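Here is the structure we will look at.
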Amino acid sequence: MPLRGLSDRRGSTKQVVRRATRADASQILELVTPYAAQGLMLPRTLDQIASRIDNYVVAADASGRVLACAALEEYSPSLAEVSSVAVSPSHHGKGLGTQVVLGVERLARARDIEEVFALSLTDNFFLSLGYTPCTVARYPEKLARYDSLSKAGVEIIPKRCFQKVLDKTWSAPRLVENTEATNRRRRIAG
Ligand SMILES: CC(C)(COP(=O)(O)OP(=O)(O)OC[C@H]1O[C@@H](n2cnc3c(N)ncnc32)[C@H](O)[C@@H]1OP(=O)(O)O)[C@@H](O)C(=O)NCCC(=O)NCCS
């Protein structure tokens, strides 16, 4: 499984950005729950995260602690949302949010998804990643999901919408290899 190593100012690798595994699910839950409580993102349960773990990218430190996450939420074969972007408060402003979003974009491109969108109260973050402001009305699939969540009693805080087209010339940094998961896949394949 591909991953990407991040270096600190002295050049030693401190964090990796990689596809999430089942073992990360509870840490992802811990990361997103306080932000969901502030209305910055939709709440998730452990079951929801675990069952969609293949859609998550995380940044983790050398001990395996998850410092940041983001998820790809697919709406159609060519459209997906970049959701659940969360960085541990102690690690804000170090580029980890950027790296997990780039990882999710890479995942999207690998799945032939051509357009991604994100909803956020933090304008500059997605603008710095090359996203363009747009109206959420462009995505009736998202409005329909908001509608059903709202009917289920989930409070929806209006956010600004951003979109990015991942055309054929687009490329994101490669992610680093997750040895354990790759070996498991090789064992299954072999
Ligand atoms: C928003 C968030 C994901 C950014 O992660 P991060 O790792 O701190 O961001 P980065 O270091 O990669 O920053 C990249 C750029 O985003 C912008 N940015 C980051 N955080 C920002 C903030 N809170 N407000 C405005 N701009 C911000 C900056 O322009 C920054 O560029 P710079 O380094 O040149 O200043 C992080 O602050 C977070 O987890 N916030 C709470 C959850 C949230 O709001 N998630 C977004 C919902 S999708």
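Treat the numbers as computed from the prediction; the structure is a model and nothing was measured. Position 1 is the first residue of the sequence; numbering continues from there. Each ligand, and each atom within it, is numbered from 1 in the order the structure gives.
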Quiz prompt | Residue and atom name of the nearest protein heavy atom (relative to atom 8 (O) of ligand 1), distance in Å to one decimal | solution = Gly93 N, 2.7 Å
Exercise. Classify the side-chain pair Asn55/Arg111 by whether it contains a donor and acceptor separated by less than 3.5 Å.
Key: yes
Practice problem: Please lay out, stage by stage, how Asp47 and Thr45 fare under the test side chain to side chain donor-acceptor pair (under 3.5 Å). | Solution: CA-CA 5 Å; Asp47 277 356; Thr45 63; 5.5 Å; no
Quiz item: Is the closest N or O pair between Leu40 and ligand 1 shorter than 3.5 Å?
Solution: no
Quiz item: So is Ala86 close enough to ligand 1, meaning a heavy atom under 4.0 angstrom away?
Solution: yes
Exercise. May I ask you to say whether Glu74 pairs ionically with Lys142, meaning some side-chain N is under 4.0 Å from a carboxylate O?
Key: no
Practice problem: Show which atoms of ligand 1 fall inside a sub-4.0 Å distance from at least one heavy-atom site of Lys94. | Solution: 11 (O)
Exercise. Answer yes or no for Leu119: is there a heavy-atom contact with ligand 1 below 4.0 Å?
Key: yes
Practice problem: Answer yes or no for atom 28 (C) of ligand 1: protein heavy atom present at a distance under 4.0 Å? | Solution: no
Quiz item: Is Glu81 paired with Arg145 through a side-chain N to carboxylate O contact shorter than 4.0 Å?
Solution: no
Self-check item: Candidate with minimal heavy-atom separation from atom 9 (O) of ligand 1, of Tyr35, Phe126, Phe125
Solution: Phe125
Quiz item: If only atom types and distance count, is the side chain of Gln15 paired as donor or acceptor with the main-chain N or O of Asp61 below 3.5 Å?
Solution: no
Quiz item: Does the Tyr35 side chain pair with the main chain of Val87, one donor and one acceptor, at a distance under 3.5 Å?
Solution: yes
Self-check item: Contact bool for atom 35 (O) of ligand 1 (protein heavy atom, d < 4.0 Å)
Solution: no
Practice problem: Measure Gln99 to ligand 1 on non-hydrogen atoms and call it side chain, backbone, both or neither using the 4.0 Å cut-off. | Solution: neither
Quiz item: ligand 1 versus Thr98, non-hydrogen atoms closer than 4.0 Å: side chain, backbone, both, neither?
Solution: both
Quiz item: Going by the atom numbers of ligand 1, which of them fall below 4.0 Å from some non-hydrogen atom of Leu96?
Solution: 7 (O)
Quiz item: Should we count CD of Glu155 as having more than 12 external heavy atoms under 6.0 Å?
Solution: no
Quiz item: Would you call the rings of Phe117 and Tyr139 parallel, tilted or perpendicular if under 30° counts as parallel and over 60° as perpendicular?
Solution: parallel
Practice problem: Considering heavy atoms of the protein only, find what lies nearest to atom 39 (O) of ligand 1 and give residue, atom and distance to 0.1 Å. | Solution: Val87 N, 2.8 Å
Exercise. Report the nearest protein non-hydrogen atom to atom 11 (O) of ligand 1: residue, atom name, distance rounded to 0.1 Å.
Key: Gly95 N, 2.8 Å
Quiz item: Under a 4.5 Å side-chain heavy-atom rule over Ile, Leu, Val, Met, Phe, Trp and Tyr, are Leu149 and Val136 clustered together?
Solution: yes
Self-check item: atom 48 (S) of ligand 1 within contact range, any protein heavy atom under 4.0 Å
Solution: yes
Quiz prompt | Nitrogen or oxygen atoms of Val85 and ligand 1 under 3.5 Å apart | solution = yes
Quiz item: Does a side-chain N-to-carboxylate-O contact under 4.0 Å join Arg109 and Glu114?
Solution: no
Quiz item: Considering only heavy atoms of Met41, which atoms of ligand 1 have at least one such atom less than 4.0 Å away?
Solution: 42 (C), 45 (N)
Self-check item: Residue selection (non-hydrogen contact nearest atom 44 (O) of ligand 1) among Thr122, Leu127, Leu67
Solution: Thr122
Quiz prompt | Chi angles and distances behind the side chain to side chain contact (heavy atoms under 4.5 Å, CB included) call for Ile49, Tyr56 | solution = CA-CA 8 Å; Ile49 295 168; Tyr56 282 82; 3.6 Å; yes
Quiz prompt | Exercise check, heavy-atom protein proximity under 4.0 Å to atom 5 (O) of ligand 1 | solution = yes
